[in-house]
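Report on the following structure.
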Amino acid sequence: MAILGPTGGETLRDDMSEARVLGLVAVRAGAAVDWLDTAGIAKARGAIIAHPAFPRAVAQLVGEISALYSGNRLLNRVLSDRGRNMFGLMVLYLDALPPEEGGGLTAARIVALCTSTGLCSRGRAKAMLALMRWGGYLASAAPAEDRRVKPLMPQEKLVALQHRRWRLVFEAGKALDPELARLASRLADAAFTRVLAVLLGEAFLSGFRPVSAAPELTDLVDRDGGLMVLLALFTAESIGEEPPSIANLSRRFHLSRAHVLDLLRLSEERGLVERGMRGTGCLSPLGRDAIERFFSCIFAVMSGAARAAEARLHGA
């Protein structure tokens, strides 16, 4: 298999990559089902939603995620919508997965993983690799013995960003699950975070998607800035502010005004946003409920994955 390298001009050859990744999807998916079943995600979600601190925890997490991406052009290009978020996780997953289990990060393997799981197209995967290298999130690693294989290495910038996003979930979720306060300290342990990346990657390969808890959001999380616009509306309502203007959303998330308006119209069609003749509008009760269901799934899977990571490190 020959594909363009992460810069677009270099041709990489890794003839076994696609076969290895396709096999990897099947093997790792089985492992994921085991720990997801143990974690009891559906039951955990129910307990989280019923917790009296849940609305406050969601508001905290949503506000911090929205602030993280506001005004940051590179973050909004590299890790904003669902595909790009998962792309970053898949990079860390392949890097953390031992070679004997099918791991090892190369351009060919990440492209094959993205296309075989439907995460994104081959062209978008290559574009993401180029952007991440340009932004200092990825770099070439030491050459492999097989000269066809071009190893890549996540840079501290990417690792720190992913850990920060995980920490936001742990910090907001500790009111719902006190064990998350203790587990948050484990994010400073590289061995723990590498296992956590593998477990979350396994969950994705098994078909687990947080948006399955809020199918109304499906069309929007796959659009540039779709989720971020809804989160900005959610945050404004939570803190008692007027909804941000279309111009404000355009500046914050580096989207054209026409695109923001298109997102709002789609959200209105889905019953997620209530708008008048002009302006941004506000979240409908369905929109707020969908976001809360989505984040209940995030809290549940992160709690389960963190516990499973600790157990795996201890050989349980």
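These figures come from a predicted structure and were not determined experimentally.
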Roughly how far, to the nearest 0.5 Å, is [atom2] of [Y] from [atom1] of [X]?
{"X": "E171", "Y": "W166", "atom1": "CD", "atom2": "CH2", "value": "15.5 Å"}
{"X": "I41", "Y": "F299", "atom1": "CD1", "atom2": "CZ", "value": "13.5 Å"}
{"X": "F204", "Y": "L89", "atom1": "CZ", "atom2": "CG", "value": "8.5 Å"}
{"X": "S303", "Y": "D177", "atom1": "OG", "atom2": "CG", "value": "4.0 Å"}
{"X": "E216", "Y": "R270", "atom1": "CD", "atom2": "CZ", "value": "10.5 Å"}
{"X": "L94", "Y": "T106", "atom1": "CG", "atom2": "OG1", "value": "7.5 Å"}

What heavy-atom pair brings [X] and [Y] nearest, and what distance separates the two atoms?
{"X": "T235", "Y": "G63", "answer": "OG1-CA, 3.5 Å"}
{"X": "V91", "Y": "P154", "answer": "CG1-CG, 4.1 Å"}
{"X": "A306", "Y": "F170", "answer": "CB-CZ, 3.7 Å"}
{"X": "A141", "Y": "M153", "answer": "CB-CB, 3.9 Å"}
{"X": "R209", "Y": "A203", "answer": "NH1-O, 4.5 Å"}
{"X": "S66", "Y": "A232", "answer": "OG-CA, 4.1 Å"}

Side-chain donor or acceptor of [X] paired with backbone N/O of [Y] under 3.5 Å:
{"X": "R109", "Y": "G104", "result": "yes"}
{"X": "K157", "Y": "G135", "result": "yes"}
{"X": "H259", "Y": "D224", "result": "yes"}

Would you mind reporting whether [Y] and [X] have side-chain heavy atoms less than 4.5 Å apart?
{"X": "L249", "Y": "I246", "answer": "no"}
{"X": "V273", "Y": "C282", "answer": "no"}
{"X": "M128", "Y": "L119", "answer": "no"}
{"X": "M228", "Y": "R252", "answer": "no"}
{"X": "L158", "Y": "M132", "answer": "yes"}
{"X": "C297", "Y": "F208", "answer": "yes"}
{"X": "L92", "Y": "V159", "answer": "yes"}
{"X": "Y137", "Y": "Q155", "answer": "no"}

Do other residues, nucleotides or ligands put more than 12 heavy atoms under 6.0 Å from the CZ atom of R164?
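Check fails, neighbour count at 12 or below.
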Between E292 and F234, is the side chain to side chain contact (heavy atoms under 4.5 Å, CB included) condition met? List the steps.
CA-CA 10 Å; E292 289 181 343; F234 186 100; 4.2 Å; yes
Could you check E64 against L68 for side chain to side chain contact (heavy atoms under 4.5 Å, CB included), going step by step and ending with a plain yes or no?
CA-CA 6 Å; E64 289 174 338; L68 177 63; over 6 Å; no
Return all side-chain donor-acceptor pairs below 3.5 angstrom for residues 49-60, not counting sequence neighbours, or 'none' if the list is empty.
unit_1 : atom_1 : unit_2 : atom_2 : d
H51    : ND1    : A53    : N      : 3.0
H51    : NE2    : A175   : O      : 3.4

Looking just at side-chain N and O atoms, do R257 and S250 make a donor-acceptor pair shorter than 3.5 Å?
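No.
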Give the intermediate values and the outcome of side chain to side chain contact (heavy atoms under 4.5 Å, CB included) for residues L152 and R133.
CA-CA 10 Å; L152 296 172; R133 293 191 69 162; 3.8 Å; yes
For L97 and Y93, run side chain to side chain contact (heavy atoms under 4.5 Å, CB included): C-alpha distance rounded to whole Å, both residues' side-chain angles, the deciding distance at 0.1 Å, then the answer.
CA-CA 6 Å; L97 193 66; Y93 168 74; 3.7 Å; yes
When you look at S296 and R45, which way does the side chain to side chain donor-acceptor pair (under 3.5 Å) test go after all the steps?
CA-CA 6 Å; S296 73; R45 277 192 57 240; 2.9 Å; yes
Distance-only check: which donor-acceptor pairs under 3.5 Å involve side-chain atoms of residues 283-291, not counting sequence neighbours?
unit_1 : atom_1 : unit_2 : atom_2 : d
S284   : OG     : G271   : O      : 2.5
S284   : OG     : L272   : O      : 3.2
S284   : OG     : L286   : N      : 3.4
S284   : OG     : G287   : N      : 3.0
R288   : NH1    : E237   : OE2    : 3.4
R288   : NH2    : S238   : OG     : 3.1
D289   : OD2    : R293   : NE     : 2.8
D289   : OD2    : R293   : NH2    : 3.0

Working note: E202 + R312, criterion salt bridge (Lys or Arg N to Asp or Glu O under 4.0 Å); need CA distance, chi angles, decisive distance, verdict.
CA-CA 14 Å; E202 288 175 353; R312 190 170 290 189; 3.3 Å; yes
Sequence neighbours excluded, which residues qualify as salt bridge (Lys or Arg N to Asp or Glu O under 4.0 Å) partners of R186?
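With sequence neighbours excluded, R186 shows a salt bridge (Lys or Arg N to Asp or Glu O under 4.0 Å) to D189, E310, given in chain and number order.
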